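Everything below concerns the one structure shown next.
For clarity, every value in this text was computed on a predicted model and none was experimentally measured. Along the sequence shown, the residues carry numbers beginning at 1. Because only heavy atoms are used, hydrogens play no part in the values below, and waters and symmetry mates are left out as well, while side chains stay in.
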Amino acid sequence: MLPQEVTVRQDFLPLDLYDQVNVYSKDILWGRPDREHFTTHHWWPPETVCDSQPILIHRPTQDVPFYSRLRDIMEDTSGLEVEQIYFYYGTMYSYFPWHNDIHPKSNRNGAITIYLNEIWDHNWGGYYMFKETEFDIRAIQPKQNLMILSKGGVIHSTTPVSKSADIRRSIQVYLGRPKNAQ
């Protein structure tokens, strides 16, 4: 397993790519009333769901125009191969309890989150939290085009999305073995 690391970068995606994925995420959510576009996180292990309200999940296909470029940026940034790319939609009272992104049946070594909402009020929750030290927890507020990269099994969670919040839209990328590893 890789050493634990959390990296945060603002204005991560090039503006044209951010605009493409942002429009796509809105179109999937509001422009296409087709239930086949989504699953929820409720099929995950119970300890990863707890009492969270649904998080809607959309998995884009590799033929989506921006997919290859997005994958390449994620791999160049992380040095790890992209296993999966998803769009997550955090509904009212949804959250992730404490967990890491290592999966026992895969080579998963980390994850990238990119926030898409143009506006996110600090009272809306949905913060990404992780332990900086044994006694200190750091919270990161969702912000437009902010990227969080976690490697090496960092234990993290999110705070619940408030009742008054917009749907929390993000890209979630799961990362595998080091890029070009044999």
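- Of the inter-residue distances, the one linking D121 atom CG with S162 atom OG reads 8.0 Å to the nearest 0.5 angstrom.
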Inset, instruction - Using the side-chain contact (heavy atoms from CB on, under 4.5 Å) rule, take W124 and S164 through it: C-alpha gap first, then chi angles, then the decisive distance, then the call. - result: CA-CA 7 Å; W124 288 353; S164 61; 3.8 Å; yes

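- Nearest heavy-atom pair across I73 and P14 is CD1-CD, 3.9 Å.
- A cation-pi arrangement is found for R108 relative to Y174, the charged atom lying closer than 6.0 Å to the ring centre and inside a 45° cone about the ring normal.
- Among I112, L2, D101, the single residue meeting the side chain to side chain contact (heavy atoms under 4.5 Å, CB included) criterion with L175 is I112.
- E132 places none of its side-chain heavy atoms less than 4.5 Å from the side chain of V6.
- Residue K143 holds its NZ atom at 15.5 Å from CD1 of I114, rounded to the nearest 0.5 Å.
- Within the 4.5 Å cutoff, side-chain heavy atoms of H58 are placed close to those of P60.
- Looking only at side-chain heavy atoms (C-beta outward), I85 and L70 come within less than 4.5 Å of each other.
- Between G176 and L80 the shortest heavy-atom distance is O-CD2, 3.5 Å.
- At a cut-off of 3.5 Å, with distance as the only test, a side-chain donor of E5 or T7 sits close to an acceptor on the other residue.
- Linking ILVMFWY side-chain heavy atoms closer than 4.5 Å, directly or via other members, places I171 and I28 in a single hydrophobic cluster.
- Applying the ring pair (Phe, Tyr, Trp, His ring centres under 6.0 Å) test to F87 and every residue at least two apart in sequence or in another chain returns Y24.
- Rounding to the nearest 0.5 Å places CD of Q141 at 3.5 Å from OH of Y127.
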Inset, instruction - Evaluate the side-chain contact (heavy atoms from CB on, under 4.5 Å) criterion for residues K151 and L149: first the C-alpha distance (whole Å), next the side-chain angles of each, then the deciding distance (0.1 Å), finally the verdict. - result: CA-CA 7 Å; K151 291 183 182 179; L149 164 64; 3.9 Å; yes

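- Cluster annotation: V161 and I55 are assigned to distinct hydrophobic clusters (Ile/Leu/Val/Met/Phe/Trp/Tyr, side-chain heavy-atom contacts under 4.5 Å, transitive).
- Side-chain contact between M129 and H156 is absent, with no heavy atoms from C-beta onward closer than 4.5 Å.
- Within the model, atoms CD of Q10 and CG of N145 stand 6.5 Å from one another, a figure rounded to the nearest 0.5 Å.
- By the 4.0 Å N-to-carboxylate-O rule, K179 lies too far from E81 to be salt-bridged with it.
- Contact record, Q4 with G152: CG-O, 3.1 Å, taken as the closest heavy-atom pair.
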Inset, instruction - Start with the C-alpha distance between W98 and T158, add both sets of side-chain angles, then the distance that settles side-chain contact (heavy atoms from CB on, under 4.5 Å), and finish with yes or no. - result: CA-CA 8 Å; W98 290 100; T158 65; over 6 Å; no

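- For the atom pair S25 OG and W30 CH2, the distance stands at 7.0 Å (nearest 0.5 Å).
- Residues S52 and S94 have side chains in contact (heavy-atom distance under 4.5 Å, counting atoms from C-beta outward).
- Counting heavy atoms from C-beta outward, L146 and D11 have side chains that stay 4.5 Å or more apart.
- Put simply, Y128 and F96 are part of two different groups of oily side chains (I, L, V, M, F, W, Y) that touch within less than 4.5 Å, one to the next.
- N109 has its side chain within reach of P178: a pair of non-hydrogen atoms, C-beta onward, lies under 4.5 Å apart.
- Considering I137, I140, I155 in turn, I140 is the only one that fulfils the side chain to side chain contact (heavy atoms under 4.5 Å, CB included) rule with F130.
- Without hydrogens or angle criteria, W120 side chain to G125 main chain gives a donor-acceptor distance under 3.5 Å.
- Not a single salt bridge (Lys or Arg N to Asp or Glu O under 4.0 Å) links D136 to another residue, sequence neighbours left out.
- Y89 and V64 fall within the same hydrophobic cluster, defined by Ile, Leu, Val, Met, Phe, Trp and Tyr side-chain heavy atoms under 4.5 Å apart, directly or through other members.
- A side-chain N or O of R168 and one of Y115 form a donor-acceptor pair less than 3.5 Å apart.
- Between T77 and F12 the shortest side-chain heavy-atom distance falls below 4.5 Å.
- The heavy-atom pair separating P97 from H99 by the smallest distance is O-ND1, 2.8 Å.
- Looking only at atom types and distance, the side chain of T91 has no donor-acceptor partner in the side chain of Q53 under 3.5 Å away.
- Rounding to the nearest 0.5 angstrom, the gap separating the CZ atom in R71 from the CD atom in Q84 is 14.0 Å.
- Both L29 and F66 belong to a single network of hydrophobic side chains, linked directly or stepwise wherever heavy atoms of I, L, V, M, F, W or Y lie under 4.5 Å apart.
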Using atom types as modelled, flag every donor-acceptor pair under 3.5 Å from a side chain in residues 15-22 to any protein atom, sequence neighbours excluded.
{"residue": "D16", "atom": "OD1", "partner": "R69", "partner atom": "NH2", "Å": "3.2"}
{"residue": "D16", "atom": "OD2", "partner": "R69", "partner atom": "NH1", "Å": "2.8"}
{"residue": "Y18", "atom": "OH", "partner": "N22", "partner atom": "ND2", "Å": "3.4"}
{"residue": "Y18", "atom": "OH", "partner": "L116", "partner atom": "O", "Å": "2.6"}
{"residue": "Y18", "atom": "OH", "partner": "Q144", "partner atom": "NE2", "Å": "3.1"}
{"residue": "N22", "atom": "OD1", "partner": "R169", "partner atom": "NH1", "Å": "2.6"}
{"residue": "N22", "atom": "OD1", "partner": "R169", "partner atom": "NH2", "Å": "3.2"}
{"residue": "N22", "atom": "ND2", "partner": "E118", "partner atom": "OE2", "Å": "2.8"}

